[in-house]
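Note sheet for the following structure.
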Amino acid sequence: MSQFTSFLIVLSLFASASLCFSHPGQTNGGYLYPQFYDHSCPKALEIVKSVVASAVAKETRMAASLLRLHFHDCFVKGCDASLLLDSSGNIISEKRSNPNLNSARGFEVLDQIKSALEKECPHTVSCADILALAARDSTVLTGGPSWEVPLGRRDSRSASLSGSNNNIPAPNNTFQTILTKFKRQGLNLVDLVALSGSHTIGNSRCTSFRQRLYNQSGNGLPDNTLDQSYAAQLRTRCPRSGGDQNLFPLDFVSPAKFDNSYFKNLLASKGLLNSDEVLRTKSTASLELVKQYAENNGLFFQQFAASMIKMGNISPLTGSKGEIRKNCRKVNT
Ligand code: HEM
Ligand SMILES: *[C@@H]1O[C@H](CO)[C@@H](O)[C@H](O)[C@H]1NC(C)=O
Ligand SMILES: *[C@@H]1O[C@H](CO)[C@@H](O)[C@H](O)[C@H]1NC(C)=O
């Protein structure tokens with residue numbers, strides 16, 4: 001190796017190190033940075049965006065589904081694409097967990113993105129980074145804020161069904177349980193409220209909120225914090241039994257638009273999930289944030305972007321840890 005080449009290598013090491021250190025919001029020690037693929041796969045970001053854009057053009061809801069996948073990935077062993085693995089050998093897929101079964105969707109879009117990237121630059125872009133980019137692109141495509149996505153995550157060689165069941169909050173968890181589950185990931189109340197704003201797009205199944213309509217506390221009564229005419233409307237298509245898979249918009253005002261109407265709905269007692277409503281009813285600090293975001297869309301957007309970067313930094317595999325999967329559904333052989 002010539003002296004000049006070694007000089008360049010040392011120089012670029014310094015350059016990338018300073019990039020890492022100058023990037024705020026990296027709380028969990030992952031050395032991620034937005035320029036990670038600039039040389040190894042300069043078209044990566046464009047390719048992800050164009051596949052996401054055509055999937056969302058075909059079905060608007062796909063934006064919501066892809067955004068949610070990044071969350072369900074990051075809360076289980078970090079943002080390592082463990083969620084994308086199918087069952088095989090000694091891997092039990094996280095797709096079977098309570099939060100994901102009959103609910104998590106968009107996996108074929110990830111396959112499409114991955115195969116386009118494998119053509120352009122084989123064995124280079126991780127599935128975990130694709131999830132982070134697709135979440136950002138989905139937010140932008142539906143009218144939400146943009147941010148630069150720190151990159152350089154690698155993919156896990158295992159999945160955790162129990163992690164998926166235990167770490168991802170359930171819609172009927174108490175406020176305290178939900179907050180505890182966020183704190184376990186290094187996220188705080190501000191992140192919880194801002195990220196719950198994701199429920200400005202997408203759908204929920206009847207089964208995820210039925211309890212509120214009929215028997216909230218096991219006393220045979222509906223949730224009395226829910227607007228009564230809204231509740232009556234919901235009951236027409238979410239009966240006491242049956243209709244489990246019937247879909248309802250999480251934000252009935254503008255279900256396909258990423259905006260702050262989710263927070264306005266909460267203030268009107270028209271949050272769909274119990275986990276949404278408790279942000280208003282169970283903590284004054286949380287209620288204060290809900291009010292701020294309902295009043296100030298710009299503030300919501302700014303905090304949402306910051307919290308997404310923070311969530312995307314949960315325990316990434318970097319350096320020589322993990323691998324770059326060739327197929328997001330399988331570990332490399
Ligand atoms: C705070 C705790 C949270 C709980 C309890 C929760 C729970 C749920 C539930 C029950 C659904 C409906 C699933 C179904 O019935 O099929 C849902 C949908 C959704 N969630 Fe959350 N969620 C939470 C936080 C988040 C976060 C942090 C994000 C993203 C950063 C997110 C993004 C979404 C999106 C976009 C949808 C709609 C998905 C679609 O239409 O395919 N959620 N959530
Ligand atoms: C929450 O919902 C799950 C699944 O429907 C149910 O098994 C559980 O009993 C509920 N928990 C509470 C506290 O109501
Ligand atoms: C409400 O839930 C409780 C506890 O899960 C159950 O014992 C009771 O029978 C239910 N009541 C009605 C009216 O569904």
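One-based numbering, in listed order, for ligands and for the atoms of each. Model, not experiment: these values are computed from the prediction.
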Worksheet, complete the sentence: Ranking P255, S307, S275 by closest non-hydrogen atom to atom 5 (C) of ligand 1, top hit is S275
Discussion item. Evaluate Q245 against N102 for side chain to side chain contact (heavy atoms under 4.5 Å, CB included), listing each step before the verdict.
Written reply: CA-CA 8 Å; Q245 313 298 318; N102 296 323; 3.9 Å; yes
Item to complete: Among all protein heavy atoms, pick the one closest to atom 14 (O) of ligand 2 and tell me residue, atom and distance.
Response: Q211 NE2, 2.8 Å
Item to complete: Heavy atoms only: give me the nearest G312-H70 pair and the separation to one decimal.
Response: CA-NE2, 3.8 Å
Fill in: Test of proximity, N215 against ligand 3: N or O pairs below 3.5 Å
yes
Practice prompt. Identify, for atom 8 (C) of ligand 1, the protein heavy atom at the shortest distance, and state residue, atom and that distance.
Written response: L273 CD1, 3.6 Å
Practice prompt. Identify, by atom number and element, the atoms of ligand 1 in contact range of S196, meaning under 4.0 Å from any of its heavy atoms.
Written response: 1 (C)
Practice prompt. Only heavy atoms count here, so choose which of S65, S103, A104, C74 is nearest to atom 13 (C) of ligand 1.
Written response: S103
Worksheet entry | Minimum-distance pair of heavy atoms, taken over all atoms of S164 and S97 | OG-OG, 2.7 Å
Worksheet item: Do any nitrogen or oxygen atoms of N203 come within less than 3.5 Å of a nitrogen or oxygen of ligand 1?
Response: yes
Worksheet, complete the sentence: atom 15 (O) of ligand 1: closest protein heavy atom, distance to 0.1 Å, is S208 OG, 2.6 Å
Discussion item. We want to know whether S103 and R68 form a side-chain donor-acceptor pair, criterion being a heavy-atom distance below 3.5 angstrom.
Written reply: yes
Worksheet item: Looking at atom 35 (C) of ligand 1, what's its closest protein heavy atom, distance included?
Response: A64 O, 3.1 Å
Worksheet item: What residue and atom, counting heavy atoms only, is the protein's closest point to atom 8 (C) of ligand 2, and at what distance?
Response: N172 ND2, 3.8 Å
Practice prompt. For P169, take its heavy atoms, then give the atoms of ligand 1 lying under 4.0 Å from any of them.
Written response: 2 (C), 5 (C)
Worksheet entry | Closest non-hydrogen atom pair between L273 and H199, with its separation | CD1-CE1, 3.7 Å
Worksheet item: What do you reckon, are the aromatic ring centroids of F75 and F182 less than 6.0 Å apart?
Response: yes
Practice prompt. Identify the two heavy atoms, one from A135 and one from W147, that lie closest to each other, and give their separation to 0.1 Å.
Written response: O-CH2, 4.4 Å
Worksheet item: Are there protein heavy-atom neighbours of atom 5 (O) of ligand 3 below 4.0 Å?
Response: no
Item to complete: May I ask you to identify, for T207, whether its side chain, its backbone, both or neither come under 4.0 Å of ligand 1 on a heavy-atom basis?
Response: neither
Response to the item:
Numbered in order shown, the ligand 1 atoms found under 4.0 Å of a heavy atom of L192 are 1 (C)
Response to the item:
Note: ligand 1 atoms sitting under 4.0 Å from heavy atoms of A170 are 5 (C)
Worksheet entry | Pairing of K291 and E295 as salt bridge, 4.0 angstrom limit | no
Response to the item:
So the atoms of ligand 1 within less than 4.0 Å of a heavy atom of R61 turn out to be 39 (C), 40 (O), 41 (O)
Worksheet item: Going by heavy atoms, is F209 under 4.0 Å from ligand 1?
Response: no
Worksheet entry | Where ligand 1 meets S204 - atom numbers and elements under 4.0 angstrom, heavy-atom basis | 12 (C), 15 (O)
Worksheet item: Does a side chain donor of either N165 or S162 reach within less than 3.5 Å of an acceptor in the other side chain?
Response: no
Practice prompt. Look at atom 19 (C) of ligand 1 and say which protein heavy atom is nearest, naming residue and atom and giving the distance to 0.1 Å.
Written response: R68 CD, 3.3 Å
Discussion item. Which residue and atom name correspond to the protein heavy atom nearest atom 32 (C) of ligand 1, and how close is it?
Written reply: S198 CB, 3.5 Å
Discussion item. Counting neighbours of NZ on K181 that are heavy atoms of other residues, nucleotides or ligands and sit closer than 6.0 Å, is the number greater than 12?
Written reply: yes
Item to complete: Please lay out, stage by stage, how T281 and E277 fare under the test side-chain hydrogen bond (donor to acceptor under 3.5 Å, both in side chains).
Response: CA-CA 6 Å; T281 57; E277 204 84 321; over 6 Å; no
Fill in: Close-contact set for ligand 1 against G202 heavy atoms, below 4.0 Å
37 (C), 40 (O)
Practice prompt. Using ring-ring contact (aromatic ring centres under 6.0 Å, His included) as the criterion, point out the one residue from F258, Y293, F263 that pairs with F304.
Written response: F258
Worksheet item: Any protein heavy atom under 4.0 Å from atom 11 (N) of ligand 3?
Response: yes
Worksheet item: Heavy-atom contacts under 4.0 Å between P171 and ligand 1: side chain, backbone, both, or neither?
Response: both
Worksheet item: So which heavy atom in the protein is nearest atom 7 (O) of ligand 3, and how far is it from that ligand atom?
Response: G218 O, 4.9 Å
Worksheet entry | Side-chain H-bond candidate by donor/acceptor type, N297 with D259, under 3.5 Å | no
Discussion item. If you compare all heavy atoms of L83 against all heavy atoms of H72, which two are closest, and at what distance to 0.1 Å?
Written reply: CD2-CB, 3.9 Å
Worksheet item: Under a 4.0 Å heavy-atom limit, does A135 contact ligand 1 with its side chain, its backbone, both, or neither?
Response: neither
Worksheet item: Does a side-chain N-to-carboxylate-O contact under 4.0 Å join D86 and K95?
Response: yes
Fill in: Evaluation steps, side chain to side chain contact (heavy atoms under 4.5 Å, CB included), between V109 and M62
CA-CA 9 Å; V109 178; M62 190 51 72; 3.9 Å; yes
Worksheet item: When you measure from atom 24 (C) of ligand 1 to every protein heavy atom, which one gives the shortest distance, and what is it?
Response: F71 CE2, 3.4 Å
Worksheet item: Considering only the protein, which heavy-atom contact is closest to atom 13 (C) of ligand 3, and what is its distance?
Response: G220 CA, 3.9 Å
Worksheet item: Which of the listed options, H199, H72, Q245, holds the heavy atom that is closest to atom 22 (N) of ligand 1?
Response: H199
Worksheet, complete the sentence: Within the 4.0 Å heavy-atom cut-off, what L250 brings close to ligand 1 is side chain
Practice prompt. State whether the side chain of H123 and the backbone N or O of I324 hold a donor-acceptor pair below 3.5 Å, judged by distance alone.
Written response: yes
Item to complete: Specify whether the nearest protein heavy atom to atom 2 (O) of ligand 3 is under 4.0 angstrom away.
Response: yes
